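Here is the structure we will look at.
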Amino acid sequence: GQQLNQSPQSMFIQEGEDVSMNCTSSSIFNTWLWYKQDPGEGPVLLIALYKAGELTSNGRLTAQFGITRKDSFLNISASIPSDVGIYFCAGQSVGTASKLTFGTGTRLQVTL
Amino acid sequence: DAGVIQSPRHEVTEMGQEVTLRCKPISGHNSLFWYRQTMMRGLELLIYFNNNVPIDDSGMPEDRFSAKMPNASFSTLKIQPSEPRDSAVYFCASSSQYNSPLHFGNGTRLTVT
């Protein structure tokens, strides 16, 4: 079956630093999504990407849909303490309705 | 918008007992998904419905698990009998249409002792 490799698994950064994480797939996706999960809550959608090569921003967050359709990255600029959480990529294949495959997550911790 | 509502938030039960998890999707959303999250396996899709009809239940672990969606505003996930390895956080999510992003509830943390 499909596999989504997400890296890094965890990051410790200082407030103000930029963050980058990525996901790669063994197969092609037609949609890439990035979610953030806070403790005790469900994942919340951050950015959705629908076209290969698409670059989309949401405030300090920027994500790109890789040109090969097998990868995506998420950047967070000028991190702040509330960026702490687990970030998940998710991919959707052609013909699978809204069925998503999730990455293993990147745990982000921000120190002051 | 109230978002996806799940109940209970926490459930502790003994092995062998029946467990029922409940979900109210966002009004107007016609697709509903049940996910399970564990440290070892991450987020796994158990089953999803489109217009109240189960479309894909290939992720349901075994016959002890069943899910229903009697109407557009309510779904249940039942485990009978429950086992300690069922301990996890169970999420319900909904989406408005084919290919649109999922919106998750806050989950039910299930502990089976």
Side-chain angles (χ1 to χ4, degrees), chain A residues 1-10 21 23 25 28-52 54 56 58 61 63 65 69 72 74 85-107, chain B residues 1-10 21 23-26 29-51 53-60 88-111:
Chain A
Q2 294 174 349
Q3 293 186 354
L4 269 185
N5 298 309
Q6 188 171 345
S7 65
Q9 284 190 328
S10 63
M21 59 191 79
C23 270
S25 169
I28 290 172
F29 286 122
N30 65 343
T31 301
W32 280 97
L33 306 169
W34 284 92
Y35 285 84
K36 183 192 176 199
Q37 186 176 23
D38 291 327
E41 298 183 9
V44 174
L45 181 67
L46 298 174
I47 292 180
L49 303 159
Y50 298 104
K51 286 169 44 178
E54 179 180 354
T56 297
N58 178 8
L61 278 59
F65 192 141
R69 298 170 64 190
S72 177
L74 174 71
I86 304 176
Y87 292 79
F88 291 98
C89 62
Q92 179 186 324
S93 300
V94 174
T96 60
S98 297
K99 185 175 179 178
L100 296 178
T101 300
F102 279 85
T104 49
T106 295
R107 183 181 295 274
Chain B
D1 193 336
V4 176
I5 299 173
Q6 292 185 246
S7 64
R9 287 300 310 272
H10 302 274
L21 311 182
C23 175
K24 176 176 166 47
I26 293 173
H29 283 193
N30 59 8
S31 294
L32 182 140
F33 305 77
W34 283 101
Y35 280 84
R36 177 171 67 177
Q37 186 177 39
T38 60
M39 287 293 292
M40 292 297 293
R41 301 172 70 90
L43 276 160
E44 302 174 279
L45 177 65
L46 301 177
I47 184 172
Y48 77 93
F49 296 82
N50 194 44
N51 293 323
V53 176
I55 302 300
D56 184 348
D57 65 354
S58 59
M60 295 286 261
V89 181
Y90 290 81
F91 287 103
C92 177
S94 68
S95 67
S96 60
Q97 59 185 347
Y98 189 97
N99 284 348
S100 63
L102 272 60
H103 297 263
F104 284 81
N106 282 330
T108 295
R109 180 174 294 277
L110 173 65
T111 303

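A note on names: the letters A, B, ... follow the listed sequences, proteins ahead of strands, and every chain is numbered from 1. Since the model is a prediction, treat every value here as computed from it, not as a measurement.
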* Atom CG of Leu43(B) and atom OG1 of Thr101(A): how far apart are they, to the nearest 0.5 Å? -> 11.0 Å

* **Interchain contact, Gln37(B) with chain A, by part (heavy-atom threshold 4.5 Å)** => side chain

* Counterpart residues, ring pair (Phe, Tyr, Trp, His ring centres under 6.0 Å), relative to Tyr35(A) (two or more places apart) -> Phe102(A), Phe104(B)

* To do: Heavy-atom pairs under 4.5 Å with chain A are the metric here; pick the option from Val89(B), Asn106(B), Leu45(B), Asp56(B) that has the most.
  => Asn106(B)

* Per-residue contact mode, Arg9(B) against chain A (heavy atom under 4.5 angstrom) -> side chain

* **Qualifying salt bridge (Lys or Arg N to Asp or Glu O under 4.0 Å) pairs, either residue in residues 37-48 of chain A, two or more places apart** => Lys36(A)-Asp38(A)

* Asked: Any idea which of Pro43(A), Ala48(A), Gly105(A), Gly40(A) has the most non-hydrogen atom pairs under 4.5 angstrom with chain B?
  -> Pro43(A)

* Is the shortest heavy-atom distance from the side chain of Leu102(B) to the side chain of Leu45(A) under 4.5 Å? -> no

